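One structure is given below, encoded as structure tokens.
Computed from a predicted structure; not experimentally measured. Below, chain A is the first sequence line, B the second, and so on; all start at residue 1.
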There are 2 protein chains.
Amino acid sequence: MRMSTRARYGLRLMVELGLRYSEGPVFLREIAKVEEISEKYLSQIIIPLKAARLVTSFRGAHGGYILARPPAQITLKDIIETLEGDFDLVECVKNPETCTRVSICVTRSLWQDLGKKMAETLDSKTLDDLVRQCKDKQNCAMYSI
Amino acid sequence: MRMSTRARYGLRLMVELGLRYSEGPVFLREIAKVEEISEKYLSQIIIPLKAARLVTSFRGAHGGYILARPPAQITLKDIIETLEGDFDLVECVKNPETCTRVSICVTRSLWQDLGKKMAETLDSKTLDDLVRQCKDKQNCAMYSI
DNA sequence: TACAAATACTATTGATTTGGTAGTAATTGG
DNA sequence: CCAATTACTACCAAATCAATAGTATTTGTA
């Protein structure tokens with residue numbers, strides 16, 4: 001069971017945006033360089049983050065991206081859910097009508113519980129927690145330029 | 001984020017074996033019928049469960065499968081881990097040497113935490129919990145024959 | 001001992017998802 | 001006007017998923 005690179009890269013992207021939140025819009029190129037991720041790929045990953053209103057973009061010269069709100073107001077659940085989809089581990093959790101066995105199946109509630117637990121765990125942490133950790137390390141990517 | 005059908009079918013398979021644990025070996029054909037899953041596919045899924053010593057098989061006429069130990073002694077973590085792989089959500093959790101950024105990356109510990117939480121959640125439940133739920137429902141698959 | 005019924009093993013396959021790349025269009029500050 | 005940036009569309013190779021097919025092996029029993 002692995003997290004997709006979309007979610008992994010996207011989270012790193014958000015951490016970088018969090019580190020520079022007070023400095024205004026950041027070029028994707030810089031983040032790509034610092035995080036050693038393809039800029040083209042990051043530009044794909046950031047689309048859903050924009051759509052979810054976690055990130056705001058500015059086009060044209062001196063454009064860039066900035067968090068739509070302070071890192072402390074963005075939970076990791078917000079981010080992962082946007083990039084990885086919801087935490088309904090099986091289809092029948094959200095759409096019970098897609099399975100004829102829901103009334104007799106005891107596994108459904110397990111998947112429901114597990115998904116809820118994952119969501120809770122991620123909802124209890126904010127982007128700011130990661131940003132602070134990064135700053136505490138003193139050697140996080142953005143500062144090593 | 002979805003659980004694979006391997007894990008979903010495999011768990012249902014294990015619940016059925018749990019329901020009949022006291023009755024000796026069960027034919028895969030019967031479980032396939034009751035759970036409405038392809039017998040051929042189930043025969044693939046049960047291989048890792050056997051390898052993990054969660055299930056014991058008997059070949060030949062009047063063969064079948066039976067749980068290797070009582071349902072109360074099999075956690076759901078045992079089952080899901082066997083079918084879905086470990087709970088290391090990113091490669092670097094288990095193999096830090098595969099990423100040059102582990103020393104500066106703050107996302108690694110998050111993935112580690114989340115994986116651990118999932119494992120804990122599943123480790124706190126046993127197959128017997130699901131078997132009991134099924135029996136309580138009075139209408140679980142094995143009883144509806 | 002032959003046979004039927006079951007598991008064990010090996011290979012294949014179509015569909016989907018993943019993890020990107022490439023190229024062009026649109027926007028905008030200077 | 002131009003350079004720099006985001007936005008959009010299309011494409012693609014590789015891996016994974018969800019099976020299916022067929023054959024081999026084992027074994028209780030008639």
Exercise. Got a donor-acceptor contact below 3.5 angstrom from the A/R101 side chain to the A/C105 backbone?
Worked result: no
For this session: Check the distance between D/dA4's C1' and A/F27's CZ and give it to me in whole angstrom.
Result: 8 Å
Problem set entry | OP1 or OP2 of D/dA18 under 4.0 Å from side-chain N/O of B/S38 | no
Problem set entry | Stretch residues 3-12 of chain A: residues that reach within less than 4.0 Å of DNA chain C through a heavy atom | A/S4, A/T5, A/Y9
Exercise. Contact class for B/Y41 (heavy atom, under 4.0 Å): base, sugar-phosphate, or nothing?
Worked result: base
Exercise. If you take atom types as modelled and just measure distance, does the side chain of B/R59 reach the base of D/dT25 with a donor-acceptor pair under 3.5 Å?
Worked result: yes
For this session: Calculate, to the nearest 0.5 Å, the distance between atoms OG1 and CG belonging to B/T121 and B/L76 respectively.
Result: 10.5 Å
For this session: Answer yes if the side chains of B/T75 and B/D78 hold a donor-acceptor pair under 3.5 Å, and no otherwise.
Result: yes
Exercise. Of all heavy-atom pairs between B/I74 and B/L54, which one has the smallest distance, and what is that distance?
Worked result: CD1-O, 4.0 Å
For this session: Verify the neighbour count for atom CZ of B/R132: are there more than 12 heavy atoms of other residues, nucleotides or ligands below 6.0 Å?
Result: no
Exercise. When you look at NZ of A/K117, are more than 12 heavy atoms from neighbouring residues, nucleotides or ligands closer to it than 6.0 Å?
Worked result: no
For this session: Please report, rounded to the nearest Å, how far the C1' atom of D/dA3 is from the CZ atom of A/R29.
Result: 11 Å
For this session: Report the distance from atom NZ of A/K50 to atom C1' of D/dT5, rounded to the nearest whole Å.
Result: 12 Å
For this session: Looking only at non-hydrogen atoms, find the nearest pair between A/I66 and A/Y21 and report the distance.
Result: CD1-O, 3.7 Å
Exercise. Within the structure shown, what part of the strands sits under 4.0 Å from B/I46 by heavy-atom distance: base, sugar-phosphate, or nothing?
Worked result: nothing
Problem set entry | Length of the line joining A/F58:CZ and D/dA4:C1', which is rounded to integer Å | 16 Å
Seminar exercise, completed: note: A/I31, atom CD1; D/dT6, atom P; distance rounded to Å ~ 9 Å
Exercise. Side chain of B/Q44, base of C/dT10: donor and acceptor closer than 3.5 Å?
Worked result: yes
For this session: Determine whether more than 12 heavy atoms belonging to other residues, nucleotides or ligands lie under 6.0 Å from atom NZ of A/K77.
Result: yes
For this session: Using whole Å, report how far CD of A/E84 lies from P of C/dT17.
Result: 13 Å
Seminar exercise, completed: Here the distance between atom P of D/dT6 and atom NE2 of A/H62, to the nearest Å, is 12 Å
Exercise. Heavy atoms under 4.0 Å, any strand shown: does A/L28 hit a base, just sugar-phosphate, or nothing?
Worked result: sugar-phosphate
Exercise. Taking atom types as modelled, is there a side-chain donor on A/Y9 or A/S38 under 3.5 Å from an acceptor on the other?
Worked result: no
Exercise. Between B/F27 and B/H62, what is the ring plane arrangement, given parallel below 30°, perpendicular above 60°, and tilted in between?
Worked result: tilted
For this session: Using a cut-off of strictly less than 4.0 Å, decide whether B/S57 has a side-chain nitrogen or oxygen near OP1 or OP2 of C/dA8.
Result: yes
For this session: Note the angle between the end axes of the helix from C/dT1-D/dA30 to C/dG30-D/dC1, five pairs defining each, rounded to 10 degrees.
Result: 10°
Problem set entry | For atom CG of A/L42 and atom P of C/dG20, their distance in whole Å | 10 Å
Exercise. Phosphate oxygens OP1/OP2 of C/dG23: is one of them under 4.0 Å from a side-chain N or O of A/K40?
Worked result: no
